[in-house]
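Notes for the one structure printed next.
Residue numbers begin at 1 in each chain, while the letters A, B, ... track the order of the sequences.
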Amino acid sequence: MNRLRRILGSDLLWSFTRSPGAMIAATVAFGLCLCALFAPLIAPQNPFDLASLDLMDARDPPVWLSGGDHRFLLGSDSQGRDILSAIFFGARISIGVSLASVALALVIGVSLGLVAGYFGGRVEAIVMRAADVQLTFPAILTALLINGAARAVLGPGRVAGSEFWVLVISIGLSFWVQYARTVRASTLVERHKDYVAAARLIGASAPRIMFTHVLPNVLGPVLVIATINLALAIITEATLSFLGVGLPPSQPSLGTLVRTGNDYLMSGEWWIVFFPGVALAALALSVNIIGDWLRDALNPRLR
Amino acid sequence: MREAALPEAQVGIEGFQMKKTTVFMAFALGVALAMPAAPAAAVTFRHAFQGDLKGLDPYTLNETFTQAMLGNVYEGLTRRDANLKIVPGLAESWETPEPTRWRFHLRRGVKFAGGEPFTADDVIFSFDRVRQPESEFKTRVPSDARIEKIDDYTIDFVLARPNPTLPAEWDTWYILSKSWAEANGATNVQPATGAQLNAFALKSNGTGPYIITSHEPGVKTTFKKNPGWWGWKDAPGNVDEVVFTTIKQDATRVAALLSGELDMIEPVPVQDMQRVASNSTTDMLAGPELRTIHLFMDQKRDELKYSSVKGKNPFKDIRVRKAFYEAIDIEAIKTKVMRGMSTPAALLITPQLYSRAGEFKRLPYDPADAKKLLAEAGYPDGFELTMHCPNDRYVNDEQICLAVTSMLAKIGVKAKLEALPKAVFFGRAGLAGGYDTSFGMLGWTPSGFDSLNIFQNLTGCRDDKGNGSPFNYGGYCNPKVDALIPKISVETDPEKRLDYITQAYRMLTDDVSHIPLHQQALSWGVSKKVKLVQRADDILLYQWVVKSE
């Protein structure tokens with residue numbers, strides 16, 4: 001805990017104020033997160049309230065083009081849904097899925113990494129070989145596999161309503177490996193240190209030592225991975241939704257918006273796909289830049 | 001040929017400024033490149049559709065697209081020509097020696113792709129097989145009809161009562177080989193939701209102009225010309241090989257056509273019709289289609305399967321059905337979703353096939369009245385239900401259903417849309433899935449191009465096993481309408497027959513049995529290199545495709 005507080009307190013802030021890229025990225029990410037968080041309050045329209053949609057408003061161009069409607073700043077989609085509101089609500093879902101799946105990956109990966117590093121031996125061998133096997137599959141493929149399996153188990157039609165959690169589980173389960181490997185490596189170093197021996201001497205149980213003594217000391221790199229993974233999770237969710245196995249059009253994430261808008265790409269109604277795409281790119285890029293900066297800032301060799 | 005011609009031309013242009021020897025070499029190279037391809041290059045026709053071609057058993061799925069594709073491989077006793085006129089198929093001629101007896105003289109010397117000769121036994125086998133419980137084509141033959149073999153090439157259908165339009169739909173009742181089916185263990189119809197696949201689901205063995213050489217369901221199917229087909233003398237087609245693929249994404253499908261990668265796509269999404277029409281290498285073939293898109297409502301169950309209303313079925317109340325109808329702004333769907341490419345419908349049949357259609361009008365779009373009706377029926381705050389739609393079958397099917405859900409929301413009905421790929425949708429909402437739906441969308445083309453087909457397939461009472469009208473997904477039932485079916489099928493006076501038909505439609509519209517939406521437009525995008533026949537029933541037959549290089 002102490003180390004974490006110290007990092008946040010001084011070095012990190014100092015480095016942040018000297019990195020314009022990180023500052024811009026943080027502003028963009030923070031702005032988008034705020035929009036997503038307060039979407040129900042600030043969005044001009046609630047895209048989930050079907051009663052507020054009027055088909056006659058469908059496919060209006062952005063407000064600055066001829067035929068634009070002042071109610072639809074960035075235009076409207078094929079059902080008369082305001083694109084700007086759809087982006088706010090879509091970002092909300094995208095960020096929600098990413099945060100939840102990264103949290104899931106974190107919990108699984110950190111626990112397994114700690115256990116493997118602390119106990120060693122057969123436990124370690126099993127966990128790390130499983131991690132190695134999973135590493136040979138690209139994350140998107142694993143996510144697709146788990147997604148497909150979940151759909152097969154739930155059956156067609158029964159998935160409706162649970163797409164969010166299916167996505168969280170499929171992305172979460174495909175990202176745990178990195179955490180496990182990192183935490184295991186750090187734990188291997190930490191477990192021979194004196195404070196661990198001391199804790200063991202006073203009779204602390206293994207879980208207690210792992211989670212209250214070792215864990216805080218290995219969290220630094222985990223934070224970096226988590227941030228970078230957040231950007232990856234956003235992209236993975238968008239990819240799955242774009243492929244049609246993510247969130248349905250009635251509950252659109254940014255990826256779903258890009259997918260449905262894609263149908264109008266050839267017919268000149270570019271705004272249906274363009275703005276959600278820009279929002280998605282901005283979100284993923286800014287989170288990624290923050291992650292990169294965090295990695296450099298926490299790397300003692302780069303100082 | 002096309003591949004070879006290009007380098008030759010390029011070399012020629014560059015060679016013009018070169019020295020003599022180089023020019024000669026370039027010329028020789030061009031010739032060398034062109035030569036091997038020159039003798040009778042195979043003509044390949046590349047065709048893509050938005051949905052899948054799943055199983056190949058011609059009795060499993062009564063869907064126009066699947067019927068059309070299999071119509072290239074199989075044949076019925078009759079065929080229909082480019083103008084939908086009935087012409088001889090596997091039967092060379094037929095007559096009715098008495099009103100209840102139809103005699104068919106079969107074509108001699110026809111062979112199935114597997115080499116089996118075609119005889120009367122194959123017709124008898126197909127007659128029995130098409131009437132099996134899992135078949136979706138049961139209504140092709142009357143349930144009380146018998147079949148009698150006179151000799152190997154003559155067959156009699158004996159009916160319980162006269163039926164002047166008996167062979168009207170036989171162009172899509174495909175005849176299968178008895179010996180092949182028995183040898184391959186495929187005597188039973190493949191059910192649409194079957195876990196096990198029989199031989200007909202994956203392979204085909206027909207008498208038609210093409211043979212399926214490879215089939216990856218939902219991905220790609222390859223057809224090869226059957227040079228031994230009896231009908232080539234009258235068919236202008238020159239295609240040796242057809243490659244059919246499924247491309248679900250609208251933009252991808254259009255891009256593939258525009259770039260010349262494909263020769264024909266269906267459907268062209270309405271937003272891209274203009275572009276396909278104005279492009280220099282493609283043509284847009286659009287025209288009125290015979291299919292009518294409608295919404296069905298479960299009126300059979302005592303409690304809806306997918307609704308917040310428990311203990312009763314709101315659709316049993318005509319006021320609720322009427323409210324749903326009046327909530328739908330069909331003009332908005334036409335202008336915004338269909339971009340003008342649809343004709344709003346008041347009936348389940350297109351006016352092209354029913355001359356008195358003009359006597360019927362749609363219920364007006366009136367959300368205020370719809371709300372009032374719902375309140376009178378006891379649902380002042382509306383209710384919740386799930387809507388099932390295909391998302392790769394009809395033009396903009398998912399978009400239409402989305403629009404319907406938002407229109408229903410305005411009268412307080414919260415409809416949650418489940419848009420499914422057509423194979424899943426038909427398997428679930430239809431006979432094979434036990435009509436597992438409460439409310440949804442279906443499109444229907446009457447195969448006999450006559451109202452009788454509507455009353456037999458879409459609106460008649462049915463039981464849970466699909467006896468009666470198997471495509472009456474909502475299970476609407478009015479015995480008075482059913483009582484007209486035998487009258488319509490035996491009546492020979494056209495005026496009187498039309499009168500019965502009008503009576504039936506009158507009852508259906510008074511009952512709000514279904515909610516008709518519109519006829520969509522045929523929407524084929526075709527390369528300018530290709531000449532083909534666009535039939536009004538949306539069926540493409542490869543034997544009429546002529547492709548020039």
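In this view, A:A39 and A:F88, A:F89, A:R92 satisfy the side chain to side chain contact (heavy atoms under 4.5 Å, CB included) rule, not counting sequence neighbours. With sequence neighbours excluded, the residues satisfying side chain to side chain donor-acceptor pair (under 3.5 Å) with B:T437 are B:H388. Residues forming a ring-ring contact (aromatic ring centres under 6.0 Å, His included) with B:F296 (at least two apart in sequence, or on another chain): B:Y473.
Note: B:Q399 leads B:R275, B:M407, B:Q399 in heavy-atom pairs under 4.5 Å with chain A. Between chain A and the residues B:E331, B:K336, B:K410, the largest count of heavy-atom pairs under 4.5 Å involves B:K336. Between chain A and the residues B:L417, B:N396, B:L258, B:T405, the largest count of heavy-atom pairs under 4.5 Å involves B:T405. Top candidate by heavy-atom pairs under 4.5 Å with chain B, chosen from A:D49, A:N262, A:T260, is A:N262.
With a 4.5 Å cut-off on non-hydrogen atoms, B:T386 does not touch chain A at all. Looking at B:A419, neither its backbone nor its side chain comes within 4.5 Å of chain A, counting heavy atoms on both sides.
Listed for the A:N229 side chain is no donor-acceptor partner under 3.5 Å among the backbone atoms of A:L232.
Of residues 54-73 of chain A, those residues lying under 4.5 Å from chain B by any heavy-atom pair are A:D54, A:L55, A:M56, A:A58, A:R59.
By the neighbour-count criterion of 12 heavy atoms within 6.0 Å, atom NZ of B:K220 is sparsely surrounded, having that number or fewer from other residues, nucleotides or ligands.
Between B:E384 and B:K416 there is no salt bridge, since no side-chain N of the basic residue sits under 4.0 Å from a carboxylate O of the acidic one.
Under 3.5 Å, the side chains of B:Q274 and B:S278 contain no donor-acceptor pair of N or O atoms. Side chains of A:E269 and B:Q271: no donor on one and acceptor on the other come within 3.5 Å.
A:P252 places none of its side-chain heavy atoms less than 4.5 Å from the side chain of A:L247.
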